[in-house]
Amino acid sequence: MTGPDGPHREPGGDGYGGDLAREEEERAVEQALALVGGTTLRPSRGRDTPGTPSASGTPGASGSSGGDVSSGPSGSPGSDRPGSSTPTGIGPDGSVPPGSSQPDSSRADSSRAGGSPSGNSPSADSRSAGARAAGQESGGDQRPRPGRSSSEAPTPNAEPATPKAPPLSWDRARAVATRAGRTGPPATIRLPLDRALGHVLAEPLGALTDLPSFDTSAMDGWAVAGPGPWAYEAGAGLLAGRGPDTPLPDGTAVRIATGARVPPDTTAVIRSEHAHPDEAKGLLHARRSVVTGQDIRPRGQECRSGEQLVPAGTVVTPAVLGLAAAAGYDAVPAVPRPRVDILVLGDELLAAGLPHDGLIRDALGPMLGPWLRALGAEVAGPVRLGDDAGALRDALASSAADLIVTTGGTASGPVDHVHPVLDALGAELLVDGVAVRPGHPMLLARLPASGQMKGQAEGPPDGPYLVGLPGNPLAAVSGLLTLAEPLLAGIAGRPAQDAYRALVHAEVHGHPHDTRLVPVVHRAGRAGGRDHVAPLRYNGPAMLRGIAAADGLAVVPPGGVRSGTEVEILDLPWAPATPWTEGCFT
């Protein structure tokens, strides 16, 4: 029988078709083993172009029988980067270098397709089983290709996709987010004092002058020179911001107000309540012994010019603003607040009203903005996109934010579009799943810069980051504290917070393999006992009642902890104004 490609041999015979069937059966088994155990994929008997002698002199063999073709990270033969599908012996442009053997094109096509049983080939069942074992992740075209007889099954031309890596441990995922936020030096802007509150200092704040810049009186009273009693003039006195810069004669005294400049040669300041002025004689007597320098704030007592007042990375609080003003600053060097866009996904979400007909209220849209602002971010209002992959792609591609936070769509359901859209944009997945409950489908990615299409630039993307939060509310909180908080701290230039541990009162059940984050509230110790934390009820992935009462989350290792065990505590970015009572929350 003659087919479009020339004389056709029935599969299973002694000719080309029989060899191919056996090779593909072996290849399918090796592919499955590689996905399970990491075995290097290599054909046990490669083929050259039919009719081309091999190195061993045997037609149809590529080198010696069972020759080794090493694989790259993706398992593709000859690959030196993930996802490479260029066969050994073929250049990137499809050319065959001199002296190289070209693998059979039909096998190359079938490798990309993942194997397509035709029903006529004896090896069809074994190849299908191998493809099922490999998960058929390549997703290639499995239809018969033009130019082949209908009885010949197309064979792959690329290895199945590398299986998804297991999720990162919780502490490792936090470390990745922390490093990602500190990939470059933070930007610096100068902000007037009235606009700097809540920003982070980009540089250390050094004193521009001595503080105080001259000797001042610490009390209302009398400045005296030499031993007493001291002569004084009625009605005369030194006030803050005024007064002559003339020495005080020995044996004299003058009234002085708090903050007023102390005259040169002053021995001490006597408080008004410790002094007795004799108006008839014009003499001042001390009711207590006088110590040289008492109640005088000497120049430079707080700091000298050029001395560091606060380090870089300090959050500008009202007290820092006051110190900066006292030191002579009109503006301070600060890091711009990270800009964050919030994209709320899900067609089932209501923006107002009571839940009804399978629709639920959006809890994350109202919660995320204030939460991210409490972490020091500049946050735009939430944008509700529903389950629309095109709208999601447009929003990601056009964002000018430093961080984009999405809610929902991070799993692999029929309307979970986050992963496919990130792949289409050429994003780099830094964290794809975390071994933590709740919240394990969270992710962290780096998008290409605006206008940069997939594959246009070499090296990793340098656009905004994206933190994909699960749709369940407490799971989203877990993602915020695991990925968004350390990432934003790095972008904003904040120093890493020191972890601390506390005793937990009550047994806390854990996940067999994953870390658990459990809402807790701090309790004061009684009768000399140590302070501790108590776990709160309503800690399911979809619940917010427990976290609403909490002031922290306990990091519970796999397997859980017994009462009296110390656990790491993640503080929430606020503290309750009054202690919560046990009530219905515990």
Side-chain angles (χ1 to χ4, degrees), residues 178 181-220 238-243 245 256-262 269 293 295-340 369-380 401-403 484-498 500 571-575 577:
T178 300
R182 303 183 189 280
T183 52
T188 301
I189 55 176
R190 294 196 68 83
L191 288 177
L193 297 186
D194 60 352
R195 292 174 47 202
L197 184 66
H199 285 76
V200 174
L201 290 177
E203 302 170 3
L205 205 64
L208 301 180
T209 182
D210 296 343
L211 284 183
S213 55
F214 46 81
D215 294 347
T216 61
S217 175
M219 293 287 173
D220 293 332
L238 303 175
L239 301 177
R242 290 182 289 174
D245 187 17
I256 192 168
T258 301
R261 185 174 185 176
V262 173
V269 170
D295 289 328
I296 294 176
R297 294 186 61 219
R299 175 174 181 164
Q301 182 186 53
E302 186 169 1
C303 67
R304 289 292 183 180
S305 179
E307 186 177 338
Q308 179 176 305
L309 300 176
V310 286
T314 300
V315 177
V316 178
T317 63
V320 170
L321 289 175
L323 177 59
Y329 284 90
D330 299 317
V332 293
V335 180
R337 286 193 183 100
R339 296 165 299 169
V340 179
W371 197 307
L372 291 164
R373 290 186 189 98
L375 293 176
E378 196 76 44
V379 186
D402 300 297
L403 169 64
E485 187 272 332
L487 178 72
L488 286 173
I491 296 174
R494 298 173 187 250
Q497 294 186 358
D498 293 333
Y500 74 95
D571 280 334
L572 300 181
W574 58 83

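Just so it is clear, the values below take in all heavy atoms, side chains as well, and ignore hydrogens, waters and symmetry mates.
Here the closest non-hydrogen pair linking R494 and G198 is NH2-O, 4.1 Å. Taking each heavy atom of E203 and T188 in turn, the nearest pair found is OE2-CG2, 4.1 Å. Across all their heavy atoms, A207 and R304 have their closest contact at CB-O, 3.6 Å. The two residues T317 and L197 have their closest heavy-atom pair at C-CD1, 3.7 Å. For A331 against R190, the heavy-atom pair with the smallest separation is O-NH2, 3.1 Å. Of all non-hydrogen atoms in P186 and I491, the two that sit nearest each other are CB-O, 4.2 Å.
In this structure, CD1 on I189 lies 9.0 Å from CZ on R337, to the nearest 0.5 angstrom. Between atom CZ of residue R339 and atom CG of residue D402 there is a gap of 4.5 Å, rounded to the nearest 0.5 Å. Interatomic distance, CD of E378 versus CZ of R373, reported as 8.0 Å (0.5 Å rounding). We find the CG-OH distance between L191 and Y329 to be 14.0 Å, quoted to the nearest 0.5 Å. Here the CG atom belonging to L372 is positioned 6.5 Å from the CG atom belonging to L488, to the nearest 0.5 angstrom.
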(request) Evaluate the side chain to side chain contact (heavy atoms under 4.5 Å, CB included) criterion for residues E302 and L323: first the C-alpha distance (whole Å), next the side-chain angles of each, then the deciding distance (0.1 Å), finally the verdict. (result) CA-CA 11 Å; E302 186 169 1; L323 177 59; 4.0 Å; yes
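In this structure the side chain of V316 never reaches within 4.5 angstrom of the side chain of V200, judged on heavy atoms. The shortest distance between side-chain heavy atoms of S217 and R297 does not fall below 4.5 Å. Put simply, the side chain of L205 does not reach to within 4.5 Å of the side chain of Q308, judged on heavy atoms. No side-chain heavy atom of P338 sits under 4.5 Å from any side-chain heavy atom of L403. At least one side-chain heavy atom of V262 sits less than 4.5 Å from a side-chain heavy atom of I256. Side-chain contact between W371 and L572 is present, with heavy atoms from C-beta onward closer than 4.5 Å. The shortest distance between side-chain heavy atoms of L309 and C303 falls below 4.5 Å.
Around CZ of R195, the count of heavy atoms belonging to other residues, nucleotides or ligands within 6.0 Å does not exceed 12.
Taking the charged nitrogens against the carboxylate oxygens, R299 and D210 do have a contact shorter than 4.0 Å, which makes a salt bridge.
Annotation: side-chain contact (heavy atoms from CB on, under 4.5 Å) contacts of T258 (sequence neighbours excluded): D220.
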